Amino acid sequence: MTSLAPTPSQTVGPFYGYALPLPKGGDIAPEGDPRAVAVHGYVYDGAGQPVPDALIEVFQADPEGDAAGAPGSLRREPTTGRLNGRDGLTWTGFGRIATDPDGHWVVRTLPPGAVGEGRQPYLAVVVFARGLLHHLHTRVYLADQVEAAADPLLSSLEPARAETLLAKPERPGVYRFDIRLQQGEDGAEETVFLDFAQH
């Protein structure tokens, strides 16, 4: 009988709580940057219940559309190996946030710029959670900063499905974006997730 080694997706789940959270992982924007905005929301499962131990990763371009970023988010202490996290000054374009006991997450970042001509700006988001053998990919568009008809992805979706990718302004500098892993009992729409070809 052939035995197969478990994949990272099958083994990573139990270690969310102590191995993956990043100090100041939601603080992507440099400290004190007046352009900073907060994007927050909840992760819900198929029953509409909040997921208290999900992990959200955010990748994005800076406001000028430069997606190169810089190393620094996962910097470690060389003598102990302890994760130091970011320095508060360097733009890395990466964030990692664990949901709290209420399933809530928040990232403080800069509004992204569009990467390439004719594209709309967005945050690329990866969702990890128990019960998911493979993480999920989605996007967050800041609703008041995009032209949905001009974006290839948004314009290809039914309007109700495209709405699941829009972070709505709650007040100046604050956006709400909930992630629904499946169709909820309350009839709310499942978040659109993206499929990438495996190579």
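Since this is a predicted model, take the numbers as computed values, not measurements. Atom set for the values below is all heavy atoms of this structure, side chains included, hydrogens, waters and symmetry mates excluded.
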For Glu163 and Glu189, run side-chain contact (heavy atoms from CB on, under 4.5 Å): C-alpha distance rounded to whole Å, both residues' side-chain angles, the deciding distance at 0.1 Å, then the answer.
CA-CA 9 Å; Glu163 283 283 319; Glu189 292 291 332; over 6 Å; no
Keeping the roles fixed (side chain from Asp87, backbone from Thr90), state whether a donor-acceptor pair exists under 3.5 Å.
yes
Cluster check Leu136, Val43: I/L/V/M/F/W/Y, side chain < 4.5 angstrom:
yes
Between the NZ atom in Lys24 and the OG atom in Ser73, the distance rounded to the nearest 0.5 Å is 12.5 Å
Taking C-beta and beyond as the side chain, do Leu154 and Gln120 meet within less than 4.5 Å on heavy atoms?
no
Beyond-backbone contact of Val106 with Ile97, side-chain heavy atoms, under 4.5 angstrom
no
Within a strict 4.5 Å, meaning less than it, do heavy atoms of the Gln182 and Asp45 side chains meet?
no
Passing option when Tyr141 is tested against Tyr122, Phe177, Tyr175 for ring pair (Phe, Tyr, Trp, His ring centres under 6.0 Å)
Tyr122
With sequence neighbours left out, what residues match Asp151 under salt bridge (charged side-chain N to carboxylate O under 4.0 Å, His left out)?
none
Would you name the heavy atoms of Ser155 and Ala149 that are closest together and state the gap between them?
CB-O, 3.7 Å
Trace of the side chain to side chain donor-acceptor pair (under 3.5 Å) decision for Arg180 with Thr191:
CA-CA 5 Å; Arg180 296 184 184 276; Thr191 299; over 6 Å; no
What are the two closest non-hydrogen atoms of Ala61 and Gly113, and how far apart are they?
CB-O, 3.8 Å
Assess whether atom CD of Glu77 is packed by more than 12 heavy atoms of other residues, nucleotides or ligands within 6.0 Å.
yes
Taking CZ in Arg119 as the centre, count heavy atoms belonging to other residues, nucleotides or ligands within less than 6.0 Å. Is the count above 12?
no
Assess whether side-chain contact (heavy atoms from CB on, under 4.5 Å) is satisfied between Val39 and Leu123, documenting all intermediate values.
CA-CA 10 Å; Val39 181; Leu123 312 176; 4.2 Å; yes
Run the side-chain contact (heavy atoms from CB on, under 4.5 Å) check on Asp178 and Tyr44 step by step: do they pass?
CA-CA 8 Å; Asp178 292 335; Tyr44 294 107; 4.0 Å; yes
Hydrophobic clustering (ILVMFWY, side-chain heavy atoms < 4.5 Å, transitive) - are Val174 and Tyr42 grouped together?
no
Short side-chain to backbone donor-acceptor contact, Thr164 and Val192, under 3.5 Å
yes
Can the ring centroids of Phe193 and His137 be said to lie less than 6.0 angstrom from one another?
no
Value rounded to 0.5 Å, distance of CG in Asp62 from OG1 in Thr92:
11.0 Å
Min side-chain heavy-atom separation Val58-Thr109 under 4.5 Å
no
Would Val115 and Leu153 show up in the same hydrophobic cluster when neighbours are defined by side-chain heavy atoms closer than 4.5 Å?
no
Given side chains that start at C-beta, do those of Val146 and Pro121 come closer than 4.5 Å, heavy atoms only?
yes
Do Ile28 and Val107 come within less than 4.5 Å of each other through their side chains, counting heavy atoms only?
yes
How many angstroms lie between CG in Leu142 and CG in Leu166, if you round to the nearest 0.5 Å?
9.5 Å
Return the CD to CZ distance between Glu190 and Arg161, rounded to the nearest 0.5 Å.
6.0 Å
Got a donor-acceptor contact below 3.5 angstrom from the Thr99 side chain to the Pro52 backbone?
yes
Within the 4.5 Å heavy-atom criterion, are Val37 and Arg108 side-chain neighbours or not?
no
Quick check: do Glu57 and His135 have side-chain heavy atoms less than 4.5 Å from each other?
no
Check each of Leu157, Val140, Leu194 against Leu165 using the side chain to side chain contact (heavy atoms under 4.5 Å, CB included) test, and report the only one that passes.
Leu157
Residues Arg86 and Glu31 bridged, charged N to O under 4.0 Å:
no
Interatomic distance, CD@Gln60 vs CH2@Trp91, rounded to 0.5 Å, equals 3.5 Å
Where Leu110 and Pro30 come nearest, the two heavy atoms and their spacing:
CD1-CD, 4.1 Å
Output for pair (Thr138 OG1, Ile56 CD1), nearest 0.5 Å, gives 10.0 Å
